[in-house]
Engineer: 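Take this structure, written in structure tokens, and hold onto it; I'll ask about it next.
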Amino acid sequence: MTLDDLRVFVAVCRAGSLSAVARELGCTQSAVSQHVKRLERETGVALLERQARGVAATRAGRVLEAAAAEGLSGLELALGQLRDLVDGEAGHVRVATGATTVRHFMSDAVVEFRRRHPKVNLEFRTVSSGRGSFEALTDGTLDLVWITLGPPARGIEQRAVVELPWVLAVREDDPLAERVSLEAGELHGLRLIRLPPTSASALHLDAACEESGVRLGYDTSIADWDTALLLAELGVGRALVPALPGLAVPGDGPLRLIPLPRLRPLPVGWAVRRWDALSPAARAFADTVMDRRRRAEAGRDDSVRHPANRGRTLPHGGSGG
């Protein structure tokens, strides 16, 4: 039984004529009949019966026709999508990331990618854990996952995009608000707002603080960086967060962001199953995000070299934790 056998059989059922299908395919009626006979030998039942005018499917033939037609339709759709993926003009890109990341890190990349690839469907999903996202990569339900980079994971490739420096977020009336920067040791004993302790970002921060001999205390637990910044602005507490793009520089508004240049930065980037197995569209989106980040970093470096060019935001990437 071959796909050609099934295609010919479905065509005969719909046309009700062996000769009509033969003319359409440019072959003999005997060749069309051989496809049907091969299916009948395989299934062990009669699939067609002769009528006064042409042929019609038997009861068994109608069962096979319905299944074959549905399967062939799905297969044609899949093959079309594969062709779209090969040339990169259409298809789907399924990305797992948090709302904080999309807002602070990927918004400009999404706009650029949509302009360049208008037929590609971008799908953003939220996955509750790093392990859950890795499982989704492994079973093929996700293409790309934005993560805080961690130890190697079997069957997963990680690629760093940017390292995010830490800043201490405090309200403008906080005793530390006027500081230009802080040393890591000055955090010792401070009580902070924190992410869930098992998150990759929290684990990285704990390790970085331990390297600097710093021990922190915590009062409030939150689920994402934006909430931490909001609570710090409201004066609920202080928050140690990575420098997200679009955040006001120290001294802007009611929120103060004080850099900690000597605290080991937070590495964030992509996780995939295999880079060389990504569809062209998924690879293009990942590359667009990385390219926008490189350009942002180059602009930041230029601002540092030429203070007159400095903007009023911190142009670093961010992760939702």
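Quick caveat: nothing in here was measured; it's all calculated off a predicted structure. We count residues from 1, following the sequence as given.
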Engineer: Quick check against the 3.5 Å criterion: does Arg114 have a side-chain atom that pairs as donor or acceptor with the backbone of Val120?
Structural biologist: yes
Engineer: Closest approach of Ala271 and Ile147, non-hydrogen atoms and distance?
Structural biologist: CB-CD1, 3.8 Å
Engineer: Among residues two or more places apart or on two chains, list those pairs meeting ring-ring contact (aromatic ring centres under 6.0 Å, His included) that have a residue in residues 260-298.
Structural biologist: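 Those involving residues 260-298 are Phe113-Phe285, Trp146-Trp270.
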Engineer: Establish whether Val102 and Val289 are linked, either directly or via other cluster members, by ILVMFWY side-chain heavy-atom contacts under 4.5 Å.
Structural biologist: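 Shared cluster, yes.
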Engineer: Is there a side-chain contact between Val111 and Arg115, using heavy atoms and a 4.5 Å cut-off?
Structural biologist: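 Side chain of Val111 against side chain of Arg115, heavy atoms only: no contact under 4.5 Å found.
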Engineer: Near Arg215 CZ, under 6.0 Å, is it more than 12 heavy atoms from other residues, nucleotides or ligands?
Structural biologist: no
Engineer: Let me confirm one number: the NE2-OG distance from His35 to Ser30, rounded to the nearest 0.5 Å.
Structural biologist: 10.0 Å
Engineer: Are Leu72 and Val21 co-members of a hydrophobic cluster defined by side-chain heavy atoms under 4.5 Å apart?
Structural biologist: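 Yes; tracing contacts between hydrophobic side chains, which count when under 4.5 Å, links both residues.
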Engineer: So, applying side chain to side chain contact (heavy atoms under 4.5 Å, CB included) with Leu240, which one of Val167, Leu260, Ile258 is it?
Structural biologist: Leu260
Engineer: Applying ring-ring contact (aromatic ring centres under 6.0 Å, His included), can you list everything that pairs with Phe9, at least two apart in sequence or on another chain?
Structural biologist: none
Engineer: Taking it one step at a time, do Asp5 and Arg41 satisfy salt bridge (Lys or Arg N to Asp or Glu O under 4.0 Å)?
Structural biologist: CA-CA 12 Å; Asp5 293 338; Arg41 287 197 299 270; over 6 Å; no
Engineer: Please answer whether the main-chain N or O of Ala284 pairs with a side-chain N or O of Thr288 as donor and acceptor at a distance below 3.5 Å.
Structural biologist: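 Side chain of Thr288 to backbone of Ala284, a donor-acceptor pair under 3.5 Å: yes, one is there.
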Engineer: So which heavy atom on Ala232 is nearest to which on Ala169, and how close?
Structural biologist: CB-O, 3.6 Å
Engineer: Would Arg159 and Glu157 satisfy salt bridge (Lys or Arg N to Asp or Glu O under 4.0 Å), going step by step from the backbone distance to the final call?
Structural biologist: CA-CA 7 Å; Arg159 182 167 297 184; Glu157 296 181 17; 5.3 Å; no
Engineer: Are Val8 and Val63 in one and the same hydrophobic cluster, where Ile, Leu, Val, Met, Phe, Trp and Tyr link if side-chain heavy atoms are under 4.5 Å apart?
Structural biologist: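 No.
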Engineer: Taking the side chain as every heavy atom from C-beta outward, state whether Glu65 and Arg14 have any atom pair closer than 4.5 Å.
Structural biologist: yes
Engineer: Determine whether Asp206 and Arg194 make a side-chain contact, defined as any pair of heavy atoms from C-beta on separated by less than 4.5 Å.
Structural biologist: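 A side-chain contact exists here, since the closest heavy-atom pair is under 4.5 Å.
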Engineer: Under 3.5 Å, sequence neighbours excluded: what are the donor-acceptor pairs made by side chains of residues 48-62?
Structural biologist:
from: Thr58; atom 1: OG1; to: Ala46; atom 2: O; distance (Å): 2.7
from: Thr58; atom 1: OG1; to: Leu47; atom 2: O; distance (Å): 3.4
from: Thr58; atom 1: OG1; to: Ala60; atom 2: N; distance (Å): 3.4
from: Thr58; atom 1: OG1; to: Gly61; atom 2: N; distance (Å): 3.0
from: Arg62; atom 1: NH1; to: Ala57; atom 2: O; distance (Å): 3.4

Engineer: For Ser201 and Ser199: C-alpha separation, side-chain torsions, deciding distance, then whether side-chain hydrogen bond (donor to acceptor under 3.5 Å, both in side chains) applies.
Structural biologist: CA-CA 5 Å; Ser201 297; Ser199 69; 5.2 Å; no
Engineer: Specify the closest pair of heavy atoms between Val170 and Ala177, including all atoms of both residues, with the distance to one decimal.
Structural biologist: CG2-CA, 4.0 Å
Engineer: On a heavy-atom basis, which atom in Glu163 and which in Pro265 lie closest, and how many Å separate them?
Structural biologist: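 Answer, listing the atom of Glu163 first, then Pro265: OE1-CG, 3.7 Å.
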Engineer: Could you state the interatomic distance from CG (Leu137) to CD1 (Ile156), rounded to the nearest 0.5 Å?
Structural biologist: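 Nearest 0.5 Å value for the CG-CD1 distance: 4.5 Å.
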Engineer: Quick one, Met1 with Thr43, criterion side chain to side chain contact (heavy atoms under 4.5 Å, CB included). Give me CA distance, side-chain angles, the key distance, then yes/no.
Structural biologist: CA-CA 9 Å; Met1 184 185 300; Thr43 60; 4.2 Å; yes
Engineer: Is there a donor-acceptor pair under 3.5 Å between the side chain of His92 and the backbone N or O of Ala281?
Structural biologist: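 No.
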Engineer: Could you state the interatomic distance from CG (Leu142) to CZ (Phe134), rounded to the nearest 0.5 Å?
Structural biologist: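 Leu142 CG to Phe134 CZ: 11.5 Å, rounded to 0.5 Å.
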Engineer: Are Val162 and Val268 side-chain neighbours, meaning at least one heavy-atom pair lies under 4.5 Å?
Structural biologist: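 Yes, at least one pair of side-chain atoms sits under 4.5 Å.
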Engineer: Got a second to check how far Ser181's OG is from Glu186's CD, nearest 0.5 Å?
Structural biologist: 8.0 Å
Engineer: Report yes if the side chains of Val214 and Leu190 come closer than 4.5 Å at any heavy-atom pair, otherwise no.
Structural biologist: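 Val214 vs Leu190: side chains apart.
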Engineer: Give the minimum heavy-atom separation between Glu172 and Glu178, together with the two atoms involved.
Structural biologist: O-OE2, 4.5 Å
Engineer: Sub-3.5 Å donor-acceptor pair from the side chain of Gln158 to the main-chain atoms of Pro151, do we have one?
Structural biologist: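 Indeed, once roles are kept as given, a pair shorter than 3.5 Å links the two residues.
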Engineer: To the nearest 0.5 Å, what is the distance between CD1 on Ile193 and CG on Leu230?
Structural biologist: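 Result: 9.0 Å between the selected atoms.
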Engineer: Is it the case that the side chain of Arg23 and the backbone of Gly26 share a donor-acceptor pair, with hydrogens and angles ignored and the cut-off at 3.5 Å?
Structural biologist: no
Engineer: Could you go step by step and tell me if Leu257 and Leu229 meet the side chain to side chain contact (heavy atoms under 4.5 Å, CB included) rule?
Structural biologist: CA-CA 10 Å; Leu257 302 173; Leu229 290 166; 4.1 Å; yes
Engineer: If the threshold is 4.0 Å, N to carboxylate O, is there a salt bridge linking Arg38 and Asp4?
Structural biologist: no
Engineer: Would you say His204 and Arg264 make side-chain contact, with heavy atoms under 4.5 Å?
Structural biologist: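 In short, these two side chains touch, coming nearer than 4.5 Å.
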Engineer: How many angstroms lie between atom CG of Leu187 and atom CG of Leu216, to the nearest 0.5 angstrom?
Structural biologist: 6.0 Å
Engineer: Between Arg238 and Asp174, does any NZ, NE, NH1 or NH2 come within less than 4.0 Å of an OD or OE carboxylate oxygen?
Structural biologist: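 Answer for the salt bridge query: yes.
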Engineer: Is there side-chain contact between Leu205 and Leu263, with heavy atoms separated by less than 4.5 Å?
Structural biologist: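 Side chain of Leu205 against side chain of Leu263, heavy atoms only: contact under 4.5 Å found.
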Engineer: Could you walk me through whether Gln34 and Lys37 pass the side chain to side chain contact (heavy atoms under 4.5 Å, CB included) test, one step at a time?
Structural biologist: CA-CA 5 Å; Gln34 288 302 314; Lys37 289 179 179 178; 4.1 Å; yes
Engineer: Any side-chain heavy-atom pair from Leu168 and Leu192 closer than 4.5 angstrom?
Structural biologist: yes
Engineer: Ala228 and Val241: which non-hydrogen atoms are nearest, and at how many Å?
Structural biologist: CB-CG1, 4.2 Å
Engineer: Is there a path of hydrophobic side-chain contacts, each under 4.5 Å between heavy atoms of I, L, V, M, F, W or Y residues, that connects Trp166 with Leu203?
Structural biologist: no
